[in-house]
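To start, the structure under review is shown below, and the notes come after it.
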Amino acid sequence: MRWFLGVVVLDILLVGWVVLSAATSERADLVFANNSLHNMLDPQRLSWSHDIRVMENMFEPLTRIKLPEMTPEPAAAERWEISEDGLTYTFYIRPEAKWSNGDPVKSTDFKYAWRRALLPDLAADYTQLLWVIKGAEDFFKWRQEDLKAYTKQDDKTQELADA
């Protein structure tokens, strides 16, 4: 019976410590009201509008659309330049742009994300939106054919293993 009383006292002390420590620290969480559960939190595979709303609060694009004017405005990129022929866009990332762990946001982060979205093996719904980038459609189709060839090779290997 004494051990039970000791456990109860220990539990009360532990709960008290947790409550007091939580009351003195600042809250660092984000409350986001959404009318349904999310389906996907992979930025390259989003297609549901409520998932997109969540991602808009987790990741910042290079630019965003200013409403109601429907004009581009800076986001992760503080500014950008467009070549005279309109084919080359140069974005300048804000120096203070940081990931949640404090690492600086770099242009290679966007490059990685866009290349990942172009992989047919990812099965992203909106891959074709990136086909305006020179070479993007060719890369997608090359990778798709490469995957088909790999799958056929894998099927032949499986047939040999089954025999």
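Index from 1, following the sequence. Quick note: numbers below take in every heavy atom, side chains included, and nothing from hydrogens, waters or symmetry partners.
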Heavy-atom neighbours of Phe59 CZ exceed 12 at 6.0 Å: yes
Note to self: Between Asp121 and Arg143, does any side-chain N to carboxylate O distance fall below 4.0 Å?
What the structure shows: yes
Check your understanding: Does NZ or CZ of Lys106 come closer than 6.0 Å to the centre of the six-membered ring of Trp99, within 45° of the ring's axis?
Key -> no
Ring center gap for Trp80 and Tyr92 short of 6.0 angstrom: no
Contacts of Trp114 meeting ring-ring contact (aromatic ring centres under 6.0 Å, His included) (sequence neighbours excluded), chain-then-number -> none
Nearest heavy-atom approach of Arg116 to Leu122 is O-CD2, 3.3 Å
dist Ile133:CD1 -> Phe140:CZ (nearest 0.5 Å) comes out at 14.0 Å
Point to revise | Note, Leu87 side chain near Ile82 side chain (heavy atom, < 4.5 Å) | key: no
Notebook entry, point to check: Taking Thr127 for the side chain and Leu118 for the main chain, is one N or O donor matched with an acceptor at less than 3.5 Å?
Noted result: no
### Query
How far apart are the C-alpha atoms of Asp125 and Arg45, what are their side-chain angles, what is the distance that settles it, and do they pass the side-chain contact (heavy atoms from CB on, under 4.5 Å) test?
CA-CA 6 Å; Asp125 287 342; Arg45 297 186 62 208; over 6 Å; no
Test salt bridge (Lys or Arg N to Asp or Glu O under 4.0 Å) on Glu145 and Lys141; report intermediate values, then the result.
CA-CA 6 Å; Glu145 291 303 315; Lys141 290 178 178 177; over 6 Å; no
Side-chain donor-acceptor contacts of residues 63-78 below 3.5 Å, not counting sequence neighbours, with atom names and distances?
| from | atom 1 | to | atom 2 | distance (Å) |
| --- | --- | --- | --- | --- |
| Arg64 | NH1 | Pro74 | O | 3.1 |
| Arg64 | NH2 | Glu60 | OE2 | 2.6 |

Among the clusters formed by ILVMFWY side chains lying less than 4.5 Å apart, do Tyr89 and Val105 turn up in the same one? yes
- request: Could you tell me how the ring of Trp142 sits relative to the ring of Phe139: parallel (under 30°), tilted (30 to 60°) or perpendicular (over 60°)?
  value: tilted
Less than 4.0 Å between a side-chain N and a carboxylate O, is that true for Glu96 and Lys98?
no
Do Arg115 and Leu119 come within less than 4.5 Å of each other through their side chains, counting heavy atoms only? no
CD1 of Ile52 to CE of Met55, rounded to nearest 0.5 Å, is 10.5 Å
Between Pro104 and Asp109, the two heavy atoms sitting closest are O-OD2, 4.0 Å
| request: Verify the cluster assignment for Phe91 and Leu129: are they in a single hydrophobic cluster under the rule of side-chain heavy atoms below 4.5 Å apart? | output: no
| If Ile, Leu, Val, Met, Phe, Trp and Tyr residues are connected whenever their side-chain heavy atoms lie under 4.5 Å apart, and connections chain through other members, are Phe110 and Met58 in the same group? | yes
One should read off an interatomic distance between Thr88 OG1 and Lys134 NZ, to the nearest 0.5 angstrom, of 8.5 Å
